[in-house]
Trainee: 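Quick one: the structure is below, questions incoming.
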Amino acid sequence: MTLPSFFKKSDPKLDQVVLPLPSFWWSRPYEYAWASQYAKGCVLDAACGISHPFKFWLTEHCSEVHGCDLDPKILSHSAILKDIAADFGEQGAARIKQEGFLNRLKLLRADLSMLPYGDKTFDTIFCISVFEHLPDSLKPVVMKEFHRTLKSGGTLVMTLDYPLASPPFMLQVIEDSGFEMTAPHDFSIPDDAISGHGLMCYRLLLNKKRSI
């Protein structure tokens with residue numbers, strides 16, 4: 001099991017996740033390769049994005065897949081396909097349509113601070129490079145929503161961009177939200193840390209262990 005830590009250039013990566021990943025998605029090949037290890041059961045791709053293909057990949061490996069995003073385009077198959085065509089080309093959009101990926105997904109428009117799901121719904125929640133875009137005041141609220149909607153013993157799989165989301169702040173949020181690390185963390189920055197646009201990326205693997 002990989003420790004909660006920064007991604008390194010020597011880490012495994014995936015150049016294709018259903019669709020070939022664009023070169024400007026500097027961290028996604030590493031994030032998806034790592035997160036894919038924890039795909040099982042009923043899952044949520046939280047703030048899944050419109051064209052991002054991880055939610056489609058999940059439908060091939062999990063029993064039930066939900067995706068939510070604040071963008072209203074998440075409710076329109078035609079809008080999703082249009083964004084896929086823009087990022088991956090018309091051939092990519094045609095594949096997603098022809099192979100029925102969208103029909104396998106349960107998609108909702110949702111604010112992460114008010115998730116429209118019942119208590120203890122998910123075995124696993126994925127939150128890929130999302131938290132750095134939230135104000136610090138909302139991060140604890142969203143973590144508590146993840147805690148509420150995960151089953152007992154469920155797993156939260158997160159990646160975050162540094163320095164926009166700092167590890168010390170997140171460690172406190174984790175403690176306050178009722179999650180526990182699955183392993184000791186190491187947030188020292190390695191010499192070969194992946195980077196792009198002045199950012200680096202780290203991972204958190206958390207378990208719901210107690211009530212709050």
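Throughout, numbering of the chain's residues begins at 1 and tracks the sequence.
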Trainee: With no hydrogens and no angle check, is any side-chain donor or acceptor of Lys208 less than 3.5 Å from a backbone partner on Leu150?
Mentor: yes
Trainee: Any side-chain heavy-atom pair from Phe56 and Arg104 closer than 4.5 angstrom?
Mentor: no
Trainee: Using 0.5 Å steps for rounding, measure from the CG atom of Leu112 to the NE2 atom of His133.
Mentor: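 Between Leu112 CG and His133 NE2, I get 11.5 Å after rounding to 0.5 Å.
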Trainee: So does Leu134 get a backbone contact from the side chain of Lys139, meaning a donor-acceptor N/O pair under 3.5 Å?
Mentor: yes
Trainee: Is the backbone N or O of Phe126 less than 3.5 Å from a side-chain atom of Tyr38, with the two atoms forming a donor-acceptor pair by type?
Mentor: no
Trainee: Does any non-hydrogen side-chain atom of His77 lie less than 4.5 Å from one of Lys97?
Mentor: no
Trainee: Give every residue pair that meets the side chain to side chain donor-acceptor pair (under 3.5 Å) criterion with at least one member in residues 45-57, sequence neighbours excluded.
Mentor: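 Residue pairs with at least one partner in residues 45-57: Ser51-Asp87.
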Trainee: Can you name the nearest heavy-atom pair linking His147 to Ser177, along with the distance?
Mentor: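 So the two residues come closest at CD2-O, 3.2 Å.
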Trainee: Residues in ring pair (Phe, Tyr, Trp, His ring centres under 6.0 Å) with Tyr30, at least two apart?
Mentor: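 If we apply the ring pair (Phe, Tyr, Trp, His ring centres under 6.0 Å) test to Tyr30, skipping adjacent residues, there are no hits.
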Trainee: So which heavy atom on Pro163 is nearest to which on Leu199, and how close?
Mentor: CD-CD2, 3.9 Å
Trainee: Quick one: pull up SG in Cys201 and OH in Tyr162 and give me the separation to the nearest 0.5 Å.
Mentor: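 Here the interatomic distance stands at 13.0 Å.
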Trainee: Would Phe179 and Leu204 count as a side-chain contact (heavy atoms from CB on, under 4.5 Å) if you check the C-alpha gap in whole Å, the side-chain angles of each, and the deciding distance to 0.1 Å?
Mentor: CA-CA 11 Å; Phe179 284 100; Leu204 293 172; over 6 Å; no
Trainee: Can you hop from Trp25 to Trp34 via hydrophobic side chains spaced under 4.5 Å?
Mentor: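 Yes.
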Trainee: Side chains of Phe7 and Thr159, heavy atoms from C-beta outward: is any pair under 4.5 Å?
Mentor: yes
Trainee: Please report the shortest heavy-atom distance between Val43 and Cys62, naming the atom on each side.
Mentor: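 Shortest heavy-atom contact: CG1-SG, 3.8 Å.
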Trainee: Minimum heavy-atom separation for Asp69 to Gly49, with atom names?
Mentor: OD2-N, 2.8 Å
Trainee: Give a yes or no answer on whether the side chain of His61 reaches the backbone of Ala39 with a donor-acceptor pair at less than 3.5 Å.
Mentor: no
Trainee: Nearest 0.5 Å, please: how far is CG in Leu115 from CG in Leu44?
Mentor: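 Nearest 0.5 Å value for the CG-CG distance: 6.5 Å.
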Trainee: Quick one: CG on Asp192 to OG on Ser10, what's the gap to the nearest 0.5 Å?
Mentor: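 One gets 4.5 Å once the value is rounded to the nearest 0.5 Å.
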Trainee: If you define the side chain from C-beta out and look only at heavy atoms, does anything of Glu31 sit under 4.5 Å from Ser129?
Mentor: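 With C-beta onward as the side chain, the pair touches.
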Trainee: Go through the steps for Met181 and Ile174 under the test side-chain contact (heavy atoms from CB on, under 4.5 Å), then give the verdict.
Mentor: CA-CA 8 Å; Met181 291 279 196; Ile174 290 164; 4.1 Å; yes
Trainee: State, yes or no, whether a side-chain contact exists between His66 and Cys42 at a heavy-atom distance under 4.5 Å.
Mentor: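 Answer yes - side chains close enough.
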Trainee: Locate the shortest heavy-atom distance separating Cys68 from Tyr117; write the atom from each residue and the value.
Mentor: CB-OH, 3.5 Å
Trainee: Can you tell whether the side chains of Lys151 and Asp123 come within less than 4.0 Å, N to carboxylate O?
Mentor: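 Judged by the 4.0 Å cut-off on N to carboxylate O distance, Lys151 and Asp123 do form a salt bridge.
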Trainee: Please determine whether side-chain contact (heavy atoms from CB on, under 4.5 Å) holds for the pair Val157 and Leu205, giving the CA-CA distance in whole Å, both sets of side-chain angles, and the decisive distance to 0.1 Å.
Mentor: CA-CA 5 Å; Val157 181; Leu205 187 65; 3.8 Å; yes
Trainee: Walk me through it: do Met143 and Phe131 pass the test side-chain contact (heavy atoms from CB on, under 4.5 Å)?
Mentor: CA-CA 10 Å; Met143 288 292 285; Phe131 252 53; 3.6 Å; yes
Trainee: Between Arg95 (side chain) and Val18 (backbone), is there a donor-acceptor pair under 3.5 Å?
Mentor: yes
Trainee: Is there a donor-acceptor contact under 3.5 Å from the side chain of Asp83 to the main chain of Ile80?
Mentor: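 Here the side-chain-to-backbone pair does not exist.
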Trainee: Any donor-acceptor pair under 3.5 Å linking the side chain of Glu180 with the backbone of Lys209?
Mentor: no
Trainee: Side-chain heavy atoms nearer than 4.5 Å, only ILVMFWY residues, links allowed to pass through others: does that put Phe24 and Phe54 together?
Mentor: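 Same cluster: Phe24 reaches Phe54 through Ile, Leu, Val, Met, Phe, Trp or Tyr contacts under 4.5 Å.
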Trainee: Is it possible for you to say whether Ile189 and Met158 belong to one hydrophobic cluster, with membership spreading through side-chain heavy-atom contacts below 4.5 Å?
Mentor: yes
Trainee: Is it the case that the side chain of Ser113 and the backbone of Val141 share a donor-acceptor pair, with hydrogens and angles ignored and the cut-off at 3.5 Å?
Mentor: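 Absent.
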Trainee: About how many Å separate OG1 of Thr182 and CG of Leu206, when rounded to the nearest 0.5 Å?
Mentor: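 Here the rounded value is 7.0 Å.
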Trainee: What is the distance from atom OG of Ser27 to atom CD1 of Ile194, rounded to the nearest 0.5 Å?
Mentor: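 Going from OG on Ser27 over to CD1 on Ile194, the span is 5.5 Å.
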Trainee: Membership question, hydrophobic clusters at under 4.5 Å side-chain separation (ILVMFWY): are Leu75 and Leu107 in the same one?
Mentor: yes
Trainee: Ignoring hydrogens and geometry, is there a side-chain-to-backbone donor-acceptor pair from Ser36 to Ala33 under 3.5 Å?
Mentor: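 A pair under 3.5 Å: yes.
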Trainee: Under the 3.5 angstrom rule, does the side chain of Arg203 hit a backbone N or O of Pro4 as a donor-acceptor pair?
Mentor: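 Absent.
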Trainee: Shared ILVMFWY cluster between Phe187 and Phe169, side chains joined below 4.5 angstrom?
Mentor: yes
Trainee: If you compare all heavy atoms of Pro140 against all heavy atoms of Val173, which two are closest, and at what distance to 0.1 Å?
Mentor: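 Heavy atoms of Pro140 and Val173 come nearest at CA-CG1, 3.9 Å.
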Trainee: For residues Pro53 and Tyr32, determine if any side-chain heavy atom of one lies less than 4.5 Å from a side-chain heavy atom of the other.
Mentor: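 Yes, close enough: below the 4.5 Å cut-off.
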Trainee: Listed by chain and number, what are the side chain to side chain donor-acceptor pair (under 3.5 Å) partners of Ser166, not counting sequence neighbours?
Mentor: none
